[in-house]
Peer 1: 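Just passing along the structure, written as structure tokens.
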Amino acid sequence: MPREHTIEDFQKLWTVAYLSSDGDSDRFTAAISRTTHEKKQPTEETVMVCSADGKVISKFGEKNTRNFCPVLNSDGTKVAFLQKTSQENSLVISDLAEKITEKIRLEGEGQQVKWSGESVLLIMEDPVDHKLKERNEEGMDGRFFEEEDRFTSLYQYLPGRGIKRLTSNLQVWEFGSNSGQVVMVASEKPHERYWFRAKLFGLELGKDKVDLLYDPAWRSLATPNVSPDGKKVLFMESLRSDRGLTAGDLLLYDFSNKKVSNLTKGEKFSTMNSVWTEKGGISAVWLKQGHFGISRRDGQWNNIWEAEGTVLPAFSSQVAYRHGTYYIGFTDRSSPPEIYAITEGSGPKKISDFNSGLSDLVSYPSEIVKWKSEDGTEIHGILRSLGPDRPLVVDVHGGPTAASTVSFLDRGTLLLVNGFSVFYPNYRGSTGHGRDYAEANRGDLGGKDFLDIMDGIEFLKKSGKLATDNIFITGGSYGGFMTSWAVTQTDMFKAAVGLFGISDWYSFHGTSNLSDWDQIHYDDDPYSGKLYRKFSPMEHIRNVNTPILLMHGANDPYVPVGQYYQFYRGLNDLGKTVRLLVFPREGHGFSEKKHFEQYQEEMIKWFRKYMD
């Protein structure tokens, strides 16, 4: 008899965080991660080296340790990965045959690694200047805002010779390399907001000159993937709201003629990642209206596999490829995350079992629903319904350039456990419909995208999928903004739970480390007094009649907690029904185990309190 999901199940869950098939062997690497972590400890992440059939050859994982970004050398005999504990950062290199492991302590936090011959390339935060460190230890630790941030640079570890820095005064966000050619997504300043202004740069190993390859203007770049011969590079481009999101159009830069071509122009899917196959072939993993798939490019895109569910990681889905076989992390409504092998002409084959302990859990219903917004635009969403008479939670995803997709066990299924149906609208500005759709709410955040959500609820009512007035709303980040915005625009919702969201675009611009993001997405001058005021919930708080619970992390650098202090104060001063729960040590989201439990508990209590 299947059993209901619990928070403990969610915290036991392993999700696929990374997949790679670098090198020429039949092996591939994977990293699997927990969903939450202990107080003041990193999230546990385990590295695995696997054979083509999924058999684990070597495994590296310790309690309260994050092992991540594993890559194999050319013949698959060595693996390199990064390690983070509460005490230190390290580069780890293990000889799989000799079973000898070397740990190199890093002075800064590492973020990505790649093999280059017998050496290892990595990006790492530059060490603290020794004189500045001495001043800090003496108590002279005042800092000039945005003047003393350290760069993340490209480094090369040479066995027996140590670590050498290859770039300077260039913020390297991510990179790809092959045959001595390195391609970087980088910006000229190290602040987080400059990621939105990053460009594509090239560097030939052995030379000091860094060349500008491509400037995307107001769009963002991700996942540079250099061809095996080092002559071309694939990368993703789109309007994006968050570093780490990859969805967009797939572009190709050719070093021979210095031209860029768009390989997915006009397509109605969002490319998530790419791989080079034999003889310079190209394949990609994509998202289209709740379905993920893999396609091969033969002049046009030809499908190899497609399914409803989620290719992991959800916002930067990865695919590894080796000798005709594709490897993905995948989950759907019936199956927890595992690694699957896919060959053309045959279905996916599960080749891992790290979540076998969750196989006795119930599978909740899931349906892709589509409706027309008031201007005729087709919108889609995910409905996980326990019946039309059950209370409904509208869960608005963040971003906005992200998407809600179907998975087996997540924070939404924990609402289902408690008797709530859940509706996830993928309003305009979401991924999964192509780049034009993802960019359709630029200059209009809170406008037509909000109406898309409201039209989706009306569609559920008219189609008979919803027959109750017990409708609630929640969301985090941009979904938190949309939750605050919704309660200033409508009294439809019985109660709301806002999570680390924006309440005042003007003060957000002044205090967030993402200030270029709002300028790009609103395509407006924040000091003009136009869109920033028009779409700020704070400007409309007298309209609020909906009880709202706010939750925020005290250390959030992206959406500072002051956004909810401000919103709470205004609502409280006006006698509105509002509470604010602040979690210490948390940033943008709640990842400590006990904090996650408290967030879930308080949200359910709040919705039940205001249910008819």
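Just so it is clear, the structure is predicted and the values come from calculations on it, not from any experiment. This chain uses plain numbering: 1 for the first residue, then up along the sequence.
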Peer 1: Can you confirm if the aromatic rings of F235 and Y214 lie within a centre distance of less than 6.0 Å?
Peer 2: yes
Peer 1: Apply side-chain hydrogen bond (donor to acceptor under 3.5 Å, both in side chains) to the pair W301 and T264, showing each step before the final yes or no.
Peer 2: CA-CA 9 Å; W301 290 100; T264 55; 5.8 Å; no
Peer 1: Return yes if some donor-acceptor pair links the side-chain N/O of Q171 with the main-chain N/O of T152 below 3.5 Å, else return no.
Peer 2: yes
Peer 1: Does the side chain of E586 pick up a donor-acceptor pair with the side chain of H595 at under 3.5 Å?
Peer 2: yes
Peer 1: With respect to F535, which candidate in F508, F481, W485, Y478 satisfies the ring pair (Phe, Tyr, Trp, His ring centres under 6.0 Å) definition?
Peer 2: W485
Peer 1: So, are K465 and E367 salt-bridged, with charged N and O less than 4.0 Å apart?
Peer 2: yes
Peer 1: Side chains of N302 and S295: donor-acceptor distance under 3.5 Å anywhere?
Peer 2: no
Peer 1: Using a strict cut-off of less than 4.0 Å between a Lys/Arg side-chain nitrogen and an Asp/Glu carboxylate oxygen, indicate whether E174 and R243 qualify as a salt bridge.
Peer 2: no
Peer 1: Describe, in one word, how the ring planes of Y532 and Y522 are oriented to each other, choosing from parallel (under 30°), tilted (30 to 60°) and perpendicular (over 60°).
Peer 2: tilted
Peer 1: Backbone N or O of S220 within a donor-acceptor pair of the W195 side chain at under 3.5 Å?
Peer 2: no
Peer 1: With a 3.5 Å distance limit and no angle check, can you tell me whether T246 reaches the backbone of N273 through a side-chain donor-acceptor pair?
Peer 2: no
Peer 1: Assess the residue pair S241 and T401 against the criterion (side-chain hydrogen bond (donor to acceptor under 3.5 Å, both in side chains)); give the C-alpha distance rounded to whole Å, side-chain angles, the decisive distance to 0.1 Å, and a yes or no.
Peer 2: CA-CA 6 Å; S241 48; T401 44; 2.9 Å; yes
Peer 1: How about S507 and Q563: does a side-chain donor come under 3.5 Å of a side-chain acceptor?
Peer 2: yes
Peer 1: Count the heavy atoms of every other residue, nucleotide or ligand shown that sit under 6.0 Å from CZ of R442, and state whether that count exceeds 12.
Peer 2: yes
Peer 1: With a 3.5 Å distance limit and no angle check, can you tell me whether N470 reaches the backbone of M611 through a side-chain donor-acceptor pair?
Peer 2: no
Peer 1: Answer yes or no: is there a donor N or O on one side and an acceptor on the other, between the side chain of D449 and the main chain of G447, under 3.5 Å?
Peer 2: yes
Peer 1: So does E146 pair up with K189, basic N to acidic O under 4.0 Å?
Peer 2: no
Peer 1: Report yes or no: is the cationic atom of R384 (NZ for Lys, CZ for Arg) closer than 6.0 Å to the six-membered ring centre of Y424, at no more than 45° off its axis?
Peer 2: no
Peer 1: Any donor-acceptor pair under 3.5 Å linking the side chain of D215 with the backbone of K199?
Peer 2: no
Peer 1: Is it the case that the ring center of F269 lies less than 6.0 angstrom away from the ring center of H291?
Peer 2: no
Peer 1: Answer yes or no: is there a donor N or O on one side and an acceptor on the other, between the side chain of R428 and the main chain of A440, under 3.5 Å?
Peer 2: no
Peer 1: Taking the ring centre of each residue, are F330 and F292 less than 6.0 Å apart?
Peer 2: no
Peer 1: Please work out which of the three classes, parallel, tilted or perpendicular, describes the rings of F500 and H552, given edges at 30° and 60°.
Peer 2: perpendicular
Peer 1: With the threshold set at 4.0 Å, does a side-chain nitrogen-carboxylate oxygen contact exist between D395 and R411?
Peer 2: yes
